[in-house]
Participant: 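I am attaching a structure below and will ask some questions about it afterwards.
Note: hydrogens, waters and symmetry copies are ignored here, and every other heavy atom, side chains too, is used.
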Amino acid sequence: MKANYHTHTTRCQHAQGTEREYVQAALDGGFDVLGFADHAPWPYRSGFVSGIRMACDQLPDYIASLRALQEEYADRLPIYIGLECEYFPRYHDHLLRMRDQGVGYFILGQHYADSEEDTIYAGMDCRTDDGVRRYADATVKAIRTGLYRYVAHPDLFMRARYDEDFNAACEEASDMICQAAREQGMPIEYNLAGLVGRERDYSPDAAGQYGGRRGYPSPAFWQYARKWNNDAIIGVDAHEPGSLADVPLWERAKRDLTDMGYHLIDHLNMEG
């Protein structure tokens, strides 16, 4: 079975294409299962407005549009409605409310150590070893809630690092995350978004931004983490339809994981 549970929509403000185009691209790419997991909305009490996720009042339309596609493609492609979201303890109840509204699953993408409204993006915070530890602590807390199906890009802490920067703090973070995921029976995601152009050198500009370089999937992380025997799952992290139709990229990811000795999960049990 070929399944992807990490698909975005334009509501996140940094993706392209209609939901229908993603569905068609998934069929063209040979997928048997497609899950949408756009960035979750949060009701920030401070009034902060995010530029990287849908607003809370867009969630009902997100769910309704995907339900319509579920019905339309019922005989061709199972479609699941999910969200990629962080765990912010102060908004725990909001996660439960979104689930009650019709969100079928969550995948854990811990982009911030705490609420986005008052912390910086973890990928940039992890340029320091203290930031790596903050990311690991937050991710482990999220895993232990039992609310998530898998850990998206567990190696996010390598976002602004090169493999030679994988140091003792990175080993400690990898151990913490992989051990917690294994204890919870959660796969870790091999994220395809960074495979394209991984070999290119995106040096930081004067503002310290790393441009198109993503840093994950990190070969250093995946080689080191192999000792934990985590199950792995491939996530396209699709922000444009064409990435779902990129069969060679998917096959490359499978070879990577097989060569490193990982057990690959090809689909999730969405009934449990």
Participant: Rounded at 0.5 Å granularity, tell me how far CD in E183 sits from CE in M186.
Facilitator: 12.0 Å
Participant: So, do L96 and L147 sit near enough that their side-chain heavy atoms are less than 4.5 Å apart?
Facilitator: yes
Participant: Shortest non-hydrogen contact from N4 to V236?
Facilitator: OD1-N, 2.8 Å
Participant: Ring centroid separation for W250 and F31, is it under 6.0 angstrom?
Facilitator: yes
Participant: Between atom CZ of R53 and atom CG of L59, what is the distance when rounded to the nearest 0.5 Å?
Facilitator: 12.5 Å
Participant: Would a distance-only check, ignoring hydrogens and angles, find a side-chain to backbone donor-acceptor pair under 3.5 Å from H153 to I188?
Facilitator: no
Participant: Might you point out which heavy atoms bring C85 and L95 nearest each other, and give the distance in Å?
Facilitator: SG-CD2, 3.6 Å
Participant: Below 4.5 Å, heavy atoms only, C-beta onward: do D246 and P248 meet side chain to side chain?
Facilitator: yes
Participant: Given side chain to side chain contact (heavy atoms under 4.5 Å, CB included), test H92 with Y87 step by step and report yes or no.
Facilitator: CA-CA 7 Å; H92 180 97; Y87 180 63; 3.0 Å; yes
Participant: How long is the span from the CZ atom in R149 to the CD1 atom in I107, to the nearest 0.5 Å?
Facilitator: 11.5 Å
Participant: For the pair T119 (side chain) and Y112 (backbone), establish whether a donor and an acceptor sit closer than 3.5 Å, ignoring hydrogens and angles.
Facilitator: no
Participant: Is any side-chain heavy atom of D38 closer than 4.5 Å to one of M54?
Facilitator: yes
Participant: Taking E71 for the side chain and A68 for the main chain, is one N or O donor matched with an acceptor at less than 3.5 Å?
Facilitator: no
Participant: Would you check if the side chain of Y5 reaches a backbone N or O of G235 as a donor-acceptor pair within less than 3.5 Å?
Facilitator: no
Participant: If you look at every heavy atom in Y148 and T145, which pair is closest and at what distance?
Facilitator: CE1-OG1, 3.5 Å
Participant: So which heavy atom on N230 is nearest to which on A181, and how close?
Facilitator: ND2-CB, 3.9 Å
Participant: Is the backbone of A55 close enough, under 3.5 Å, to the side chain of Q58 for a donor and an acceptor to pair up by distance?
Facilitator: yes
Participant: With a 4.0 Å cut-off, would you call R161 and D129 a salt bridge?
Facilitator: yes
Participant: Which pair of heavy atoms, one from C56 and one from P43, lies closest together, and at what distance?
Facilitator: SG-N, 3.6 Å
Participant: Using 0.5 Å steps for rounding, measure from the CD1 atom of I233 to the NE2 atom of H267.
Facilitator: 9.5 Å
Participant: Within the supplied structure, the quantity of interest is the number of heavy atoms (other residues, nucleotides, ligands) at a distance under 6.0 Å from K2 NZ; does it exceed 12?
Facilitator: yes
Participant: Would you mind reporting whether F106 and E84 have side-chain heavy atoms less than 4.5 Å apart?
Facilitator: no
Participant: Is there a side-chain contact between T9 and F36 in this structure, where contact means two heavy atoms from C-beta onward sitting under 4.5 Å apart?
Facilitator: yes
Participant: Examine the side chains of W42 and E117 and answer whether a donor and an acceptor come within less than 3.5 Å of each other.
Facilitator: no
Participant: Quick one: does any side-chain atom of E172 pair with a main-chain N or O of R133 as donor and acceptor, under 3.5 Å?
Facilitator: no
Participant: Under a 4.0 Å threshold between the charged nitrogen and the carboxylate oxygen, would D118 count as salt-bridged to R90?
Facilitator: yes
Participant: Could you pull out all residues at least two apart from Y121 that satisfy ring pair (Phe, Tyr, Trp, His ring centres under 6.0 Å)?
Facilitator: none
Participant: Is any side-chain heavy atom of C170 closer than 4.5 Å to a side-chain heavy atom of M158?
Facilitator: yes
Participant: Just to verify, what does D266 make a salt bridge (Lys or Arg N to Asp or Glu O under 4.0 Å) with, not counting sequence neighbours?
Facilitator: none
Participant: Would you say V132 and M124 are hydrophobically clustered, going by side-chain heavy atoms of ILVMFWY under 4.5 Å?
Facilitator: yes
Participant: Among pairs that include at least one residue of residues 64-85, which meet ring-ring contact (aromatic ring centres under 6.0 Å, His included), considering only residues two or more places apart or in two chains?
Facilitator: none
Participant: Is there any side-chain hydrogen bond (donor to acceptor under 3.5 Å, both in side chains) pair reaching into residues 60-70, and which pairs are they, with sequence neighbours excluded?
Facilitator: R11-D61, R11-S65, E19-S65
Participant: Apply ring pair (Phe, Tyr, Trp, His ring centres under 6.0 Å) to H8 and list each qualifying residue two or more places apart in sequence or on a separate chain.
Facilitator: H6, H39, H239
Participant: Using the side chain to side chain contact (heavy atoms under 4.5 Å, CB included) rule, take R182 and N229 through it: C-alpha gap first, then chi angles, then the decisive distance, then the call.
Facilitator: CA-CA 8 Å; R182 182 166 174 79; N229 295 315; 3.9 Å; yes
Participant: I'd like to know if R127 pairs up with D165 as an ion pair, taking the criterion as any Lys NZ or Arg NE/NH1/NH2 lying under 4.0 Å from an Asp or Glu carboxylate oxygen.
Facilitator: no
Participant: Decide whether Y135 and Q110 meet the rule of one side-chain donor and one side-chain acceptor closer than 3.5 Å.
Facilitator: no
Participant: Are the side chain of E240 and the backbone N or O of S243 linked by a donor-acceptor pair below 3.5 Å?
Facilitator: yes
Participant: Only counting residues at least two apart or in another chain, list the ones meeting ring pair (Phe, Tyr, Trp, His ring centres under 6.0 Å) with W222.
Facilitator: Y190, Y262
Participant: Determine, stepwise, if the pair S174 / F157 fulfils side chain to side chain contact (heavy atoms under 4.5 Å, CB included).
Facilitator: CA-CA 9 Å; S174 302; F157 60 85; 3.4 Å; yes
Participant: Using only heavy-atom distances, determine whether the side chains of Q24 and D28 contain a donor-acceptor pair under 3.5 Å.
Facilitator: yes
Participant: Looking at CG of L83 and CD1 of I63, how far apart are the two atoms once the value is rounded to the nearest 0.5 Å?
Facilitator: 7.0 Å
Participant: Among Y216, Y224, F221, which residue meets the ring-ring contact (aromatic ring centres under 6.0 Å, His included) test with F166?
Facilitator: Y224
Participant: Does R226 reach the main-chain N or O of G261 with its side chain, forming a donor-acceptor pair under 3.5 Å?
Facilitator: yes
Participant: Which atom names give the shortest non-hydrogen contact between N191 and D237, and what distance separates them?
Facilitator: ND2-OD2, 3.1 Å
Participant: Less than 4.5 Å apart, any side-chain heavy atom of L195 and any of D256?
Facilitator: yes
Participant: For I52 and H14, run side chain to side chain contact (heavy atoms under 4.5 Å, CB included): C-alpha distance rounded to whole Å, both residues' side-chain angles, the deciding distance at 0.1 Å, then the answer.
Facilitator: CA-CA 7 Å; I52 61 165; H14 57 280; 4.1 Å; yes
Participant: Using the salt bridge (charged side-chain N to carboxylate O under 4.0 Å, His left out) rule, take R134 and D114 through it: C-alpha gap first, then chi angles, then the decisive distance, then the call.
Facilitator: CA-CA 9 Å; R134 281 189 288 271; D114 201 347; over 6 Å; no
Participant: Would E72 and R20 pass as an ion pair if we require N to O under 4.0 Å?
Facilitator: yes
Participant: Can you find a heavy atom in the side chain of D175 that is under 4.5 Å from one in the side chain of K227?
Facilitator: yes
